[in-house]
Amino acid sequence: MRTTPLGARTRLVLTSLLVTSALLLAACGGSDDPKVDPTPSTSPTSPSASASDDPTESASPSVEPATGKLVDTSRFTVRVPEKWVVIVAVKDFSITASDLETGDSISFGLVDLTTPTGLDVLADRTQRTGPWVDPPARAPDSTLAGMGAYHLVGPVGKGERVDVLGTVRAGKDVVVIFDVYGPQSRLDKLKASVLATWKWK
């Protein structure tokens, strides 16, 4: 069993607080934020470029969907793995789930957007305000349950490895952060299992 120096439960609480603080910073923005084009983007990196307005990703036959607690927000529902602990730091704003045995965690964030904002701006904010020692790298854009999403990946210091997906859904910046201490294969399995249960509202 792998443990962290502070213990998995302490790390879960600290991660929840860090994510909440990062989301507050992102929501407030700053003077150095890139200017936002008031016209919604129609580039391939825009959430509007997805094929369907209300898609649900189909699970691969080799993926076992997560069967743990249901995370229910105003924009989506998703299940976390069995026996994981869920902390709702701020309802419909910051939610963190964690495996107390391994220290692996998933953070879900929702931030109100007052102006149309492209994925490039959102990705930059997440890189700068996320709860990590070193920012993850920007990967080619991907999808989150069928919607165009920015994608951040890589080690973020002290043995942590993350995979981040973020998009816009009905006026909210929606982000999910998968965080593990261990091989990429475990992160990939965790991500696939959880996303197989993701449903937009």
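Since the structure is predicted, the reported quantities are computational estimates derived from the model, not experimental observations. All values below were derived from every heavy atom in this structure, side-chain atoms included, with hydrogens, water molecules and symmetry-related copies excluded.
One finds the CZ atom of R138 at 4.5 Å from the CG atom of D120 (value rounded to the nearest 0.5 Å). Here CD1 of I177 is found 8.5 Å from CG of L152. Values are rounded to the nearest 0.5 Å. We find the CD1-CG distance between I106 and D163 to be 11.0 Å, quoted to the nearest 0.5 Å. The distance from the CZ atom of F93 to the NZ atom of K172 is 8.5 Å, given to the nearest 0.5 Å. Atoms CG and OH, on D124 and Y150 in that order, are 10.0 Å from each other to the nearest 0.5 Å. The distance from atom CG of L110 to atom NZ of K91, rounded to the nearest 0.5 Å, is 11.0 Å.
Taking both residues in full, the closest heavy atoms of V63 and A192 are given as CG1-O, 3.4 Å, listed atom of the first, atom of the second, then distance. For the residue pair T115 and T117, the shortest heavy atom distance occurs at O-OG1, 2.9 Å. V168 and M147 get closest at one heavy-atom pair: O-CE, 3.3 Å. In terms of heavy atoms, Y181 sits closest to D104 at N-OD1, 3.4 Å. The shortest non-hydrogen separation linking V194 to P81 is CG2-CD, 4.0 Å. Residues V156 and P135 come closest through the heavy atom pair CG1-C, 4.3 Å.
Of the possible polar contacts, none joining the S107 side chain to the T96 backbone as a donor-acceptor pair under 3.5 Å is found. Panel note: side chain S94, backbone V90; no donor-acceptor pair is recorded below 3.5 Å. Under a 3.5 Å cut-off, the side chain of W198 and the backbone N or O of F76 do not form any donor-acceptor pair. In terms of modelled atom types and a separation under 3.5 Å, the side chain of D92 and the main chain of S74 share a donor-acceptor contact. Judged purely by atom type and a 3.5 angstrom limit, Q127 uses its side chain to pair as donor or acceptor with the backbone of P136.
For the salt bridge (charged side-chain N to carboxylate O under 4.0 Å, His left out) test, residues two or more places apart in sequence or in another chain that qualify with D72 are K201. In this structure A139 satisfies the side chain to side chain contact (heavy atoms under 4.5 Å, CB included) test together with H151, V153, sequence neighbours excluded.
Within the 4.5 Å cutoff, side-chain heavy atoms of R169 are placed close to those of W200. The shortest distance between side-chain heavy atoms of V85 and V80 does not fall below 4.5 Å.
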Quiz item: Going through the distances and angles, do V86 and L70 end up as a side-chain contact (heavy atoms from CB on, under 4.5 Å)?
Solution: CA-CA 9 Å; V86 175; L70 181 71; over 6 Å; no

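Looking at V174, V175, D173 one by one, the single match for side-chain contact (heavy atoms from CB on, under 4.5 Å) with V111 turns out to be D173. Just one of T167, V164, L165 meets the side-chain contact (heavy atoms from CB on, under 4.5 Å) condition when paired with V176; it is L165.
Within the structure, side chain to side chain donor-acceptor pair (under 3.5 Å) pairs that include any residue of residues 75-88 comprise T67-E82 (at least two apart or interchain).
Remark: K191 NZ is packed, more than 12 non-hydrogen atoms of other residues, nucleotides or ligands lying under 6.0 Å away.
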